[in-house]
K.L.:
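I am attaching a structure below and will ask some questions about it afterwards.
Basis for what follows: all heavy atoms, side chains included, without hydrogens, waters or symmetry-related copies. Note that this is a predicted model, so its numbers are computed, not measured. As the structure lists them, so they are numbered: ligands from 1, and atoms in each ligand from 1.
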Amino acid sequence: MEQTLVLIKPDGAKRKLTGLVIDRLDGAGLRLVAAKVVSVSEELARRHYRMLKDKPFFENLIQYIRGKFHEIPDSQILALVYEGEGAIARVRQAAGATNPEEAAPGTIRGSFGRVTTKGQFENVVHASGNAEDAEFEVKLWFTPAEVLHPIYPVTRGNGTKAEAAAWS
Ligand code: TYD
């Protein structure tokens, strides 16, 4: 059994795709075990994308996830945790490839993503990439009390001291 983080990115919210994404993941047989509207701070955005900090698109990515390109008030975003057998791969499959131009038709990103003229991928959703990232990200965005039967070990903290304390 796995749990994985999904974010409806600001382009998805702006283009009213929230219901569609939830519908697709419902259709994939996954169970929603946590949901929360989050105001994405600079710190949270940087921690979430820590592995990409040396990439040329990193600063734009931070602005994008904080809603700065889509006039999202309070940098608000919908964060979700889905659970199921093979949930990480199944959500990634429903999402499609990172680059919307390469994402298969019928996937969320293949149907609704775009690459802007400035080269930014606007790909509608975030989905954890692997088991290690899923654990880190669920712990970063949620406290144990916010997740129905949290499955990740509660002794290993990630993120800020407060987040680590919540999971310890
Ligand atoms: P990454 O973690 O590589 O992909 P994924 O979201 O599929 O796990 O990249 C994070 C985000 O960075 C990606 O969703 C969109 C953005 N991005 C770009 O804007 N340009 C790029 O060339 C890449 C690789 C990613």
K.L.:
I'd like to know if E122 and K9 make a salt bridge, using a cut-off of under 4.0 Å between side-chain N and carboxylate O.
P.N.:
no
K.L.:
If you measure from each non-hydrogen atom of H48 to ligand 1, which part falls under 4.0 Å: side chain, backbone, both or neither?
P.N.:
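Under 4.0 Å from ligand 1, H48 contributes no heavy atoms.
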K.L.:
Which residue supplies the protein heavy atom nearest to atom 15 (C) of ligand 1, what is that atom called, and how far is it?
P.N.:
N123 ND2, 3.6 Å
K.L.:
Quick one: does K118 get a heavy atom under 4.0 Å from ligand 1?
P.N.:
no
K.L.:
Identify the protein heavy atom lying closest to atom 24 (C) of ligand 1, giving its residue, its atom name and the separation to 0.1 Å.
P.N.:
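Protein heavy atom at minimum distance: F57 CZ, 3.7 Å.
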K.L.:
Is L78 isolated, or which residues cluster with it under the ILVMFWY side-chain rule of less than 4.5 Å, directly or via members?
P.N.:
V6, I8, L17, L20, V21, I22, L25, L30, L32, V37, L80, Y82, V91, I108, F112, V124, V125
K.L.:
Is there a side-chain contact between V40 and W141 in this structure, where contact means two heavy atoms from C-beta onward sitting under 4.5 Å apart?
P.N.:
yes
K.L.:
Step through the shown structure and confirm whether more than 12 heavy atoms of other residues, nucleotides or ligands are within 6.0 Å of NZ on K55.
P.N.:
no
K.L.:
Would you check whether R109 has a nitrogen or oxygen atom less than 3.5 angstrom from a nitrogen or oxygen atom of ligand 1?
P.N.:
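Yes, at least one N or O pair falls under 3.5 Å.
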K.L.:
For atom 16 (C) of ligand 1, find the nearest protein heavy atom and state the residue, atom name and distance (0.1 Å precision).
P.N.:
L61 CD1, 3.7 Å
K.L.:
What residue and heavy atom of the protein are closest to atom 8 (O) of ligand 1, and at what distance?
P.N.:
R92 NH1, 2.8 Å
K.L.:
Show the atoms of ligand 1 that are less than 4.0 angstrom away from any heavy atom in Y49.
P.N.:
10 (C)
K.L.:
At under 4.0 Å between heavy atoms, is it the side chain or the backbone of Y64 that contacts ligand 1, or both, or neither?
P.N.:
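Under 4.0 Å from ligand 1, Y64 contributes no heavy atoms.
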K.L.:
Between R47 and E137 (salt bridge meaning N to carboxylate O under 4.0 Å), is one present in this structure?
P.N.:
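No.
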K.L.:
Side chains of R66 and I77: does their closest heavy-atom pair fall under 4.5 Å?
P.N.:
no
K.L.:
Please could you name the atoms of ligand 1 that K9 approaches to less than 4.0 Å, counting only its heavy atoms?
P.N.:
13 (C), 14 (O)
K.L.:
Parallel, tilted or perpendicular for Y64 and H70, by the 30°/60° rule?
P.N.:
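Plane angle between 30° and 60°, so tilted.
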K.L.:
How about K14: does its NZ atom have over 12 heavy atoms from other parts shown lying under 6.0 Å from it?
P.N.:
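Above 12, so yes.
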K.L.:
Between F121 and ligand 1, does any nitrogen or oxygen pair lie at a separation below 3.5 Å?
P.N.:
yes
K.L.:
Identify each donor-acceptor pair in which a side-chain atom of residues 96-103 lies under 3.5 Å from a protein atom, sequence neighbours left out, and give them as a table.
P.N.:
residue : atom : partner : partner atom : Å
N99     : OD1  : E101    : N            : 2.9

K.L.:
Judged by non-hydrogen atoms, does M51 sit under 4.0 Å from ligand 1?
P.N.:
no
K.L.:
Go through ligand 1 atom by atom and flag the ones less than 4.0 Å from a non-hydrogen atom of Q120.
P.N.:
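What qualifies from ligand 1 is 19 (O).
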K.L.:
Tell me the protein heavy atom at minimum distance from atom 7 (O) of ligand 1, and give that distance in Å.
P.N.:
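The closest heavy atom on the protein side is T98 OG1, 2.5 Å.
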K.L.:
Which residue supplies the protein heavy atom nearest to atom 1 (P) of ligand 1, what is that atom called, and how far is it?
P.N.:
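Protein heavy atom with the smallest distance to atom 1 (P) of ligand 1: L52 CD1, 4.1 Å.
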K.L.:
Any non-hydrogen side-chain atom of L5 less than 4.5 Å from a side-chain atom of H48?
P.N.:
yes
